[in-house]
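Please read the structure below before turning to the comments.
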There are 2 protein chains.
Amino acid sequence: MKTIEKYLTDSGIKPSYQRIRILSYLMDKKNHPTVEMIHKELLHDIPTLSKTTVYNTLKQFVEKGITQIINIEDNETRYDADISTHGHFKCLNCNKVYDFRFGNNSLEISDIEDFDFLQTHLYIKGICKKCKYLLNTK
Amino acid sequence: MKTIEKYLTDSGIKPSYQRIRILSYLMDKKNHPTVEMIHKELLHDIPTLSKTTVYNTLKQFVEKGITQIINIEDNETRYDADISTHGHFKCLNCNKVYDFRFGNNSLEISDIEDFDFLQTHLYIKGICKKCKYLLNTK
DNA sequence: TTGTAATTTTGTAACGATTTCAAAATTGAA
DNA sequence: TTCAATTTTGAAATCGTTACAAAATTACAA
Ligand SMILES: [Mn+2]
Ligand SMILES: [Mn+2]
Ligand SMILES: [Zn+2]
Ligand SMILES: [Zn+2]
């Protein structure tokens with residue numbers, strides 16, 4: 001069995017064709033796509049693919065813990081198959097969402113010392129390196 | 001002129017009755033409310049208040065930089081008149097959103113060193129202290 | 001004060017993302 | 001092959017938000 005199918009099976013998800021393709025898309029592209037993006041792209045290969053299936057599948061992936069939701073913008077829900085704790089940077093110029101690492105235990109948090117932390121989301125918005133240079137040389 | 005009216009005027013916003021009440025609500029309650037919450041509460045005092053006015057006013061507050069959007073959950077947009085950089089903790093049990101401070105320059109970020117940072121949002125989800133004890137003693 | 005223009009508020013309709021739902025298609029076992 | 005269980009699909013419903021034009025309020029000059 002291919003690794004992606006095994007990964008789904010191990011996560012308690014039956015590896016249907018659509019599920020394999022959606023998870024592969026997330027893992028290969030690593031582009032933090034919206035439902036719209038996933039559906040539009042896969043439609044080329046799977047002309048019958050329903051948007052509902054994309055919604056259902058992603059909801060299942062999130063429930064089973066193999067995908068996380070990225071809420072960096074309030075008008076678009078993005079998805080990420082990288083479920084490690086990492087940060088996301090959105091460039092306000094080119095709209096690309098970059099990954100970054102941060103020292104999770106160096107956070108120096110006060111006021112909520114006795115709370116139980118389950119998920120940490122660090123979002124930064126600004127201008128990416130590429131756009132910075134492009135904008136400067138214009 | 002009262003301080004809240006002066007604050008609006010200084011921010012380039014004409015202090016209409018509705019705007020004063022909405023900003024006061026945000027500043028007094030500090031509860032990171034949704035549009036729904038603000039509208040429902042203020043309706044007791046201002047029976048003619050339109051939800052559109054709440055939307056318009058908050059959009060204006062954000063544009064003028066006196067309110068920030070809190071995107072801790074993907075199905076609800078919350079608002080905060082505290083525009084300082086601070087973190088938000090959402091309790092998954094009681095749904096309350098708490099403020100917390102964090103050392104902004106202690107973040108130890110890698111991979112995006114040369115990017116320009118404009119906004120930083122740190123969201124943590126988990127169980128708050130109160131709920132932790134309540135759940136334990138049940 | 002009155003008239004008039006500018007601004008603000010309001011309510012309805014439109015919109016877009018997401019969910020619900022039941023039928024159709026597919027899969028898996030007997 | 002048959003039949004039940006699962007999955008996918010597409011249409012309709014829902015929900016938060018925005019667009020828009022009319023109504024109300026405010027500002028100001030005559
Ligand atoms: Mn990521
Ligand atoms: Mn806050
Ligand atoms: Zn960029
Ligand atoms: Zn709690």
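In what follows, every chain begins at residue 1, and chains take the letters A, B, ... in the order their sequences are listed. All of these numbers come straight from a predicted model, not from anything done at the bench.
Here D:dG16 presents its P atom at 13 Å from CE of B:Met37, a figure rounded to the nearest Å. Straight-line distance from the NE2 atom of B:His39 to the P atom of D:dG16: 13 Å, rounded to whole Å. To the nearest angstrom, P of C:dA17 lies 14 Å from CD of A:Glu73. The interatomic distance linking A:Ile46 (CD1) with C:dA25 (P) rounds to 18 Å, in whole Å. Atom P of nucleotide C:dT27 and atom CD of A:Glu5 are separated by 13 Å, given to the nearest angstrom. We find that CG of B:Leu49 is positioned 13 Å from C1' of C:dT8, with the value rounded to whole Å. Rounded to whole Å, the distance from NZ on A:Lys14 to P on D:dA5 is 12 Å. To the nearest angstrom, P of D:dT9 lies 11 Å from CZ of A:Arg19.
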Nucleotides 18-21 of chain C: which of its N/O atoms have a protein N/O under 3.5 Å away?
{"unit_1": "C:dT18", "atom_1": "OP1", "unit_2": "A:Thr77", "atom_2": "OG1", "d": "3.1"}
{"unit_1": "C:dT18", "atom_1": "OP2", "unit_2": "A:Tyr55", "atom_2": "OH", "d": "2.5"}
{"unit_1": "C:dT18", "atom_1": "O5'", "unit_2": "A:Tyr55", "atom_2": "OH", "d": "3.3"}

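No side-chain donor-acceptor contact under 3.5 Å links A:Asp111 and B:His86.
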- Task: Test B:Glu108 against A:Arg101 for salt bridge (Lys or Arg N to Asp or Glu O under 4.0 Å), laying out the working first.
- Result: CA-CA 8 Å; B:Glu108 285 184 27; A:Arg101 305 287 146 185; over 6 Å; no
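Residue A:Ser50 places none of its side-chain N or O atoms closer than 4.0 Å to OP1 or OP2 of D:dT8. When the side-chain nitrogen and oxygen atoms of B:Gln18 are compared with OP1 and OP2 of C:dT10, one or more of them lie within a distance under 4.0 Å. The shortest distance between the side-chain N/O atoms of A:Ser16 and the OP1/OP2 oxygens of C:dT26 is not below 4.0 Å.
A salt bridge links B:Asp45 with B:Arg21: the closest approach of a Lys/Arg side-chain nitrogen to an acidic carboxylate oxygen falls below 4.0 angstrom. Using a 4.0 Å cut-off between charged nitrogen and carboxylate oxygen, B:Lys59 and A:Asp74 do not count as a salt-bridge pair. The pair B:Asp82-B:Lys30 does not meet the salt-bridge criterion, since no charged nitrogen lies less than 4.0 angstrom from a carboxylate oxygen. For the pair B:Arg78 and B:Glu73, the salt-bridge criterion is not met [side-chain N within less than 4.0 Å of a carboxylate O].
Under the 4.5 Å side-chain heavy-atom criterion for ILVMFWY residues, no single connected hydrophobic cluster contains both A:Ile69 and A:Phe100.
Residue contacts shown for B:Thr48 are limited to sugar-phosphate atoms, with no base heavy atom under 4.0 Å away.
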